[in-house]
Structure formats: structure tokens, C-alpha cells
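Single-structure report; data block below.
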Amino acid sequence: MNQATPGAVTESAELVLPLLPPRDLATAASACRALRAAAAAVTTRRAADAARGLEPLPIPFHNRVDSKPYAYFLYTPFSLARLSPSASSSGAQPWGGAWARPPVPTWPRPSLDGFTSAVCGCACEAGECGGPRCACADAEADAAGSGPEGGMGSLGECGDGCACGPSCGNRRTQRGVAVRLRVVRHLQKGWGLHAAEALDRGQFVCEYAGEFLTTEEARRRQRIYDELASAGKLAPALIVIREHLPSRKACLRVNIDATKVGNVARFINHSCDGGNLHPALVRSSGSLLPRLCFFAGRDIAEGEELTFSYGDARVRPKGLPCFCGSSGCCGVLPSEET
């Protein structure tokens, strides 16, 4: 029986190893020297870009705390409809291959929220989008002008039904993560998202991308996540947004789960003082569901951790411990009442 040459093993490994989750990658690395070297190269490339080339800029991991080189999850730049159990558990998304960096997502943004979009939008002339005559603009919207203490902001943007293209100035949150960020390991908090360049107040940072869930599914997952998190086996990233309707008599509930499928916003930690990011609900023309986006609530220095408030910790006084370190820290992380 002919044995494969080291070159052939390495070539095959470059095709297969990037598809493996960490545990399977470690198992493959123990098989032989060639696979061990190939697996080490995959690990190094994974640590160099959490976004897998799907954002305009790479987002590296930095860890001086322990031996974990990166956090494993499936990456999506945009929120999408709930994945089937087989799709979310297969993990078959290549990451860490030696091939050239793949292109950023194609335009237009895919309509993946599981709902039929209304075909409507503006027909503005070039350069007029977002102005007083633009049908997509909301004169009363405020994405980040009021700062973190001002609560949830809102913003209207052009969408798929509009005549404008990707360079439109009224699509500021639709071009991916265009600022330099890094994911840093903390001793107590675990991974956290940091600015890798100075950010100006009001600057768009990132969207909170993940799976859109029904309330029933969100409650089911939250029960499982709470049990695993209390045992230190999981760091869940399921967020619930409540948008009060104009009548003030009802609210729209949006559930986004970035625990298994999401983007780098899943690493943003809580701060009891409100943090330095300002969350805003962004509505694009033709889309029925808003998106949760983050803007710099103030000028942010390079290297500073990016944080926001998850909510009121008094909702669940026996929740997980908070390590935000702010002067007004409650000592307990907020937890959504599902």
C-alpha cells in the first residue's frame, strides 16, 4: 500500500482542515507531523481574522491570558432567518484556508430575514439621498447624536427598492465593518471587542448580526443557554429588542441570536454605566424588520474596549456576575425575561 507523500497530505489538508471545528482540527493534528503543521497554519490564519474575509477589514484575535487562539462560531455579516438545526450544527464554513482572501459580500445585501420585503423606496437623484426630499429619510431619527445616555436611537436608510446604489450616503450601516477592530481576551470577562483605531463620536461601528428568531424559539433557547451559562459552558449572545410602536400601546419584539451564527458584535460586553457605544434601530426601505446597529457614543481611543448596556440588572438579581469594572457596577449581568 502506497503511503501519501508529505506534499500530498499538506495539499489535501488545505482543502479539509479549514472546514473543521477546533476539536476535530486538534484530532487531525495528532495524526502526523504534516497534519500538525497544516493545522497550526489554519489556527494562525483563523486568529488573524474573526470575520473570515467577509468584512472590508480583517478583525484579529489577541489573547495574552490563556491558550485559546480564537473563538469558534459561524460568521454572517448580516442577520438572517433562523437556520435549521442541521445547518447550524454542521459548522461547514471554511475558515483559515491558505487561499487568497475571499471578496466581501456582494451587493445588494441579501434579503434573509425570512419575511417578504415590500418593494418601495426613493427615486432620489445622485447625492440627494437622505436629504429633506428623500422618502427614506426620517427627519426625527437620531442614530447617535444623543449619546449612550439617550437610550435607543433610530435611523432610516435606503433599501433594496431604492434607485441608489451601494455608494449612497444614506446606506452608512450597509457596507460592513469599515473601522479597525480587534477581539481581545480578558481574564474574567472572556472575549471583548476593542477599537483598533480612534473612533469619532457618531461613527458607525457595526451591526448586531445573527439569527432572527420567533419569540417561542428565543424563549426555548434562552432556557438552554441560562443552564449552560450558569455552569460556565457557554457565553450566550441572544439579544431581545423591543421597539414601541407609534401608538405606544404595543411594541415590536425582535430576537437576534448570535451565539452560534453571528458577527463580531457578539463579543461586545456589557457596561453598567451605559458603555461607549450607542445602539440604534435602523430601518431600510422595503424591510419589515429593523436592524440593531452600534455607533460611537463619544470619541473612543484606540485600544479602548467597546461596550453598551444590556439592560436593567434588577430584572434578574441572581444572574451571572458582572466584571465591567465601572464605578456604578451592579455586580450582576442583566438577563432578558423571556
Side-chain angles (χ1 to χ4, degrees), residues 50-56 59 71 73-85 87-89 91 93 104-118 136 143 152-162 166 171-179 181 183 193 204-222 225 235-243 251-268 277-295 306 308 310-311 336 338:
R52 298 155 171 77
L54 295 175
E55 300 287 4
I59 305 171
F73 62 104
L74 301 183
Y75 200 93
T76 177
F78 318 126
S79 286
L80 38 79
R82 173 194 172 191
L83 294 183
S84 65
S88 60
S89 62
Q93 183 186 49
V104 297
T106 56
W107 182 269
R109 291 167 56 100
S111 179
L112 295 173
D113 58 10
F115 297 88
T116 303
S117 296
C136 302
M152 185 81 69
S154 64
L155 183 68
E157 289 191 338
C158 295
D160 293 344
C162 298
R171 297 179 184 266
R172 60 186 296 201
T173 70
Q174 299 176 35
R175 291 187 284 268
V177 181
V179 297
L181 306 173
V183 183
L193 190 64
F204 171 64
V205 178
C206 64
E207 167 182 346
Y208 195 97
E211 298 176 82
F212 280 128
L213 302 180
T214 64
T215 296
E216 180 182 2
E217 175 63 14
R219 287 171 173 166
R220 186 191 71 82
R221 291 192 186 186
Q222 190 65 63
Y225 292 167
L238 196 165
I239 193 166
V240 176
I241 310 156
R242 288 184 173 88
E243 180 185 24
C251 68
L252 172 68
R253 171 172 169 150
V254 180
N255 312 286
I256 306 175
D257 188 5
T259 304
K260 294 182 179 179
V261 184
N263 69 343
V264 292
R266 70 194 297 276
F267 296 112
I268 301 176
L277 294 181
H278 185 51
L281 290 178
V282 178
R283 286 192 174 278
S284 301
S285 294
S287 179
L288 298 180
L289 289 178
R291 295 179 294 114
L292 177 61
C293 295
F294 293 102
F295 298 81
L306 304 177
F308 77 107
Y310 290 1
E336 175 62 34
T338 55

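All values derive from a computational prediction rather than experimental measurement.
Using a 4.5 Å heavy-atom cutoff, the side chains of Arg253 and Val240 are in contact. Val282 places a side-chain heavy atom less than 4.5 Å from the side chain of Cys293. For the pair Leu155 and Phe295, the minimum side-chain heavy-atom distance is below 4.5 Å. Side-chain contact between Cys206 and Ile268 is present, with heavy atoms from C-beta onward closer than 4.5 Å. In this structure, the side chains of Leu277 and Val205 come closer than 4.5 Å at one or more pairs of heavy atoms. Side-chain contact between Glu217 and Arg220 is present, with at least one heavy-atom pair separated by less than 4.5 Å. At least one side-chain heavy atom of Glu157 sits less than 4.5 Å from a side-chain heavy atom of Thr173. The closest side-chain heavy-atom distance from Leu54 to Gln93 is below 4.5 Å.
The main-chain N or O of Ala209 is found under 3.5 Å from a side-chain atom of Asn263 such that the two form a donor-acceptor pair. Not a single donor-acceptor pair under 3.5 Å links the side chain of Thr76 to the backbone N or O of Ser79. Under the 3.5 Å distance criterion, the side-chain polar atoms of Arg52 are matched with a main-chain donor or acceptor of Ala50. Under a 3.5 Å cut-off, the side chain of Arg266 and the backbone N or O of Ala258 do form a donor-acceptor pair. A distance-only check finds a donor-acceptor pair linking the side chain of Arg171 to the backbone of Gly159 [under 3.5 Å].
Note: Leu213 CG to Gln222 CD = 10.5 Å, rounded to the nearest 0.5 Å.
Listed by chain and number, the residues in a side chain to side chain contact (heavy atoms under 4.5 Å, CB included) with Ala51 are Asp49, Glu55, Ile59, Tyr75 (sequence neighbours excluded). Remark: Asp257 engages Arg221, Tyr225, Thr259 in a side chain to side chain donor-acceptor pair (under 3.5 Å) (not counting sequence neighbours).
Between Tyr208 and Ala237, the shortest heavy-atom distance links the atoms OH-O, 2.7 Å. Residues Leu252 and Arg283 share a closest heavy-atom pair of CD2-NH2, 3.5 Å.
Taking the six-membered ring where tryptophan is involved, the planes of Phe73 and Phe267 are perpendicular, since the angle between them exceeds 60° and thus also 30°.
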Test log, rule side-chain contact (heavy atoms from CB on, under 4.5 Å), inputs Ser285 and Cys158: CA-CA 5 Å; Ser285 294; Cys158 295; 5.6 Å; no
side-chain contact (heavy atoms from CB on, under 4.5 Å) between Thr215 and Asn255, worked out: CA-CA 7 Å; Thr215 296; Asn255 312 286; 3.5 Å; yes
Please test Phe212 against Val254 for side-chain contact (heavy atoms from CB on, under 4.5 Å), starting from the C-alpha separation and ending with a verdict. CA-CA 7 Å; Phe212 280 128; Val254 180; 3.7 Å; yes
Would Leu238 and Ile256 count as a side-chain contact (heavy atoms from CB on, under 4.5 Å) here? Give the steps. CA-CA 6 Å; Leu238 196 165; Ile256 306 175; over 6 Å; no
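Salt-bridge formation is detected for the pair Arg291/Glu207: a Lys NZ or Arg NE/NH1/NH2 atom is positioned less than 4.0 Å from an Asp or Glu carboxylate oxygen.
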